[in-house]
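Whatever order the structure lists them in is the order used to number ligands and atoms, beginning at 1. The shown structure was predicted, so the numbers you read here are calculated from the model rather than taken from an experiment.
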Amino acid sequence: MSTRFAAQGYSLPHPPHRLPVLGDIVGVDPRTPIQDSTALAARLGPMFERQILGRRFVFASGADVVGELCDEKRFEKFLPPGVESLRDIGADGLFTAYNHEPNWRRAHDLLRPAFTAGAMRGYHRIMVEVADDLIEHWERLSRNSSPTDVSSDMTKLTLETIGRTGFSYSFDSFASVETHPFVSAMVGALTYNQRRSLLSVPAFARPLFARSDRRYSRNKQYLAEVLADVVRTRRQSTGDFTDLLQIMMDAARDVDNPNALSEANIGYQILTFLIAGHETTSGALSFALYYLATHPEVFERARAEVDEVWGTGSPEFGQVPKLRYVRRVLDESLRLWPTVPAFGRAARAQTVIGDGYRMDAGDWAVVLVTALHRDPVWGDHPGEFDPDNFLPERIKARPAHVYKPFGTGERACIGRQFAIHEAVLVLGTILQRFDLRADPSYRLRIQERLTMMPSEFRVTPSTRR
Ligand code: MNH
C-alpha cells in the first residue's frame, strides 16, 4: 500500500467498474499530459481510466459526472500525486493541506476576510501602480517596435502584484529583462516534484538523477531565502501594514486567537500565496491577450467598452467590474485554457456515479477541467473562442458545475475575486493604451508546468495615438 495515499486517510483507489481503459502508453509525453488526456476524453467519454507509467488514474470530464463529483456532501478535495508532490514546498499551506489538517481551517478563517469583494478595494491602488509599470515597459517597446514575450511580461506583472499587495514586498520584476530568479526556482521546483511523482525511481537508479536532485536542492534553498527575506524585511520595517503577512503575524502574537499559525506554517502560506497568487493569473492574462490579439472583432468590441466606461483616465475601483465584455473575454479564455487544468475529488463514502460506476470511500478521480469545458453542453463547436458564451442568458441555460476554472466547494480558489479584478483591470488598461500586433504565423502552443501557459507567444505593442 502506498503511504502517500495513506497520509490522506485513504487506501489505494479502486477505480469504478466498466470504465473504458486505456492501457499504459509507452509514449506518454511528460510535457503534455493534460493536452493528451483532453484529446483522449473526447474519444473515451465522460469518465475513463488511464495508466500513466504504471499508475492508474480515473479522469472525469462529462458535465453529469463532474456535477456529481462537485457535490460536497458526497465528495471532497483530493490531492492527486502531481499536487501531493508539491507538499515538499507547500506542506500544510492552504493549497496543499489535507482536508483534515487543522492549519487548513485556521488559515482559511484567518485569511478569508482579506479576499472578500470588499477587500479588493484595498488592493486596487497597488494593482493600478503595477499596471502602470507594465505600461511604461510596453511604451519603451513601442518606441523601438520590439516584440515581447507575453507570458513572461504577465508573470512579471502578477508576481509584482501579489508581492506588493499581499506582502508589501517588491521583486522589482520590471527592472530586468530576465524572469525573476524566484520564478525560475519555483517552476524548476514544481516541475521536479511533479515529474518525480509520476516516475517512481527505484533507489538503485537514484544516482542517475543526482544532477536534477542537486538542482532541486538549490531551487528549494533559493525559495527559502526569498521567504526569509520577505519576513526579515517586515520585521525591520516600521509602519502600519494591513496585508496578508501582517494578518498572519498579528494573529501569531495574539495568544487568544484560535487561528494563530506557527512560524513554519506562516512560511508555507507565504510561499503558497507567492506561487498560487501569480502563476495562474499570469497564464489567464496571457491566453486572453492571445485571443484579443488574434480576434480583431473581439478586440474592437472590448476596446469600445473600455473607451465608453473608462474614457482615457486611470480606472476607479468601481469601474473595473463594469467592463462586462472584457470579463467575458477573460471567462472564455479560462474556459478554453483553465490555467489550473485539473483537480482531484475523493468519495467520502461508497457511492455510485454516472451510469453505474461504483466508487468506494476514498476512491478518487481527477476532474479534467479542459475537457469539461469542451463538453457538448458548450455547443457544437466547443473549441472555438466566443466570449458571448458568457452572456447571462447563456450561462443560465447551462447546467451548474460545467465551468470550474477555480475549482469547487470549500477548497475552491480563495483568490478568485483577486484574480478577476487584477486581470480585468490589466486587460482594460492594455486595451486603453496599446494596439497589439502578433506574428500571423504563430500557432498556439502550450507549456504545461504546474499550470498552463502560452509558449513563445509574442506581441509588439504600439502606443495608441
Ligand atoms: Mn487559486 C485554489 C485556480 C488565482 C490562491 N485556485 C485554487 C484551485 C483552483 C485555482 C482550481 C483549487 C485547486 C484544487 O481543488 O485542488 N487560482 C486559480 C486560477 C486563478 C487563481 C485559475 C487565476 C486565474 N489563486 C489565485 C490567486 C490567489 C490564489 C490570485 C491568491 C492571491 N488558490 C489560491 C489558494 C488556493 C487556491 C490559496 C487553495 C484554497 C484552499 O484550498 O483553501
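- Listed by atom number, the atoms of ligand 1 under 4.0 Å from F343 heavy atoms are 14 (C), 15 (O), 16 (O).
- The protein non-hydrogen atom at the shortest distance from atom 35 (C) of ligand 1 is I414 CG2, 3.9 Å.
- At a 4.0 Å heavy-atom cut-off, ligand 1 touches I162 through the side chain alone.
- Residue contacts with ligand 1 include T339, since one of its heavy atoms falls under 4.0 Å from the ligand.
- Around CZ of R121, the count of heavy atoms belonging to other residues, nucleotides or ligands within 6.0 Å does not exceed 12.
- Close approach of ligand 1 to G407 is summarised as follows: ligand atoms under 4.0 Å from at least one heavy atom of the residue are 11 (C).
- In summary, D386 and R394 engage in a salt bridge, as defined by a charged side-chain N under 4.0 Å from a carboxylate O.
- A cation-pi contact, defined as under 6.0 Å to the ring centre and within 45° of the axis, is absent between R345 and W364.
- Taking the ring centre of F390 as origin, the terminal cationic atom of R398 falls inside the region bounded by 6.0 Å and 45° from the ring axis.
- Shown in contact with G277 at under 4.0 Å from a heavy atom are these atoms of ligand 1, numbered in order with element: 27 (C), 28 (C), 30 (C), 31 (C), 32 (C).
- Between H295 and F385, the two ring planes are tilted [angle within 30° to 60°].
- Contacts between A276 and ligand 1 below 4.0 angstrom, taking non-hydrogen atoms only, involve backbone and side chain alike.
- Residue contact check: P405 has heavy atoms under 4.0 Å from atoms 3 (C), 11 (C), 22 (C) of ligand 1.
- At a 4.0 Å heavy-atom cut-off, ligand 1 touches K77 through the side chain alone.
- Within ligand 1, the atoms closer than 4.0 Å to a non-hydrogen atom of A412 are 40 (C), numbered from 1 in the order shown.
- Heavy atoms of F95 found under 4.0 angstrom from ligand 1 belong to the backbone as well as the side chain.
- Y216 contributes no side-chain N or O that, together with a main-chain N or O of L190, makes up a donor-acceptor pair within less than 3.5 Å.
- Distances between N or O atoms of R411 and those of ligand 1 include at least one value under 3.5 Å.
- Ion pairing of E305 with R324 is absent here, as no side-chain N (NZ or NE/NH1/NH2) approaches a carboxylate O to less than 4.0 Å.
- Between F171 and the options H180, R164, H278, K156, a side-chain contact (heavy atoms from CB on, under 4.5 Å) holds for only H180.
- Taking all heavy atoms of I275, V367, I420, T280 into account, the minimum distance to atom 21 (C) of ligand 1 is reached by T280.
- For the pair K77 and F95, the cation sits on the ring face: its NZ or CZ lies under 6.0 Å from the ring centre, inside 45° of the axis.
- Here F418 has side-chain heavy atoms under 4.0 Å from ligand 1, and that is the only part of it that gets that close.
- Looking only at side-chain heavy atoms (C-beta outward), P341 and V369 stay at 4.5 Å or farther from each other.
- Taking every heavy atom of T281 and a limit of under 4.0 angstrom, the matching atoms of ligand 1 come to 4 (C), 23 (C), 24 (C), 30 (C).
- Close N/O approach between K404 and ligand 1 is not found [any backbone or side-chain N/O within under 3.5 Å].
- The nearest protein atom to atom 6 (N) of ligand 1, hydrogens excluded, is given as C413 CB, 3.2 Å; this is a heavy-atom distance.
- Geometrically, R303 does not engage Y325 in a cation-pi contact defined by less than 6.0 Å to the ring centre and at most 45° from the axis.
- Ranked by closest heavy atom to atom 18 (C) of ligand 1, the top entry among F115, W104, F406 is F406.
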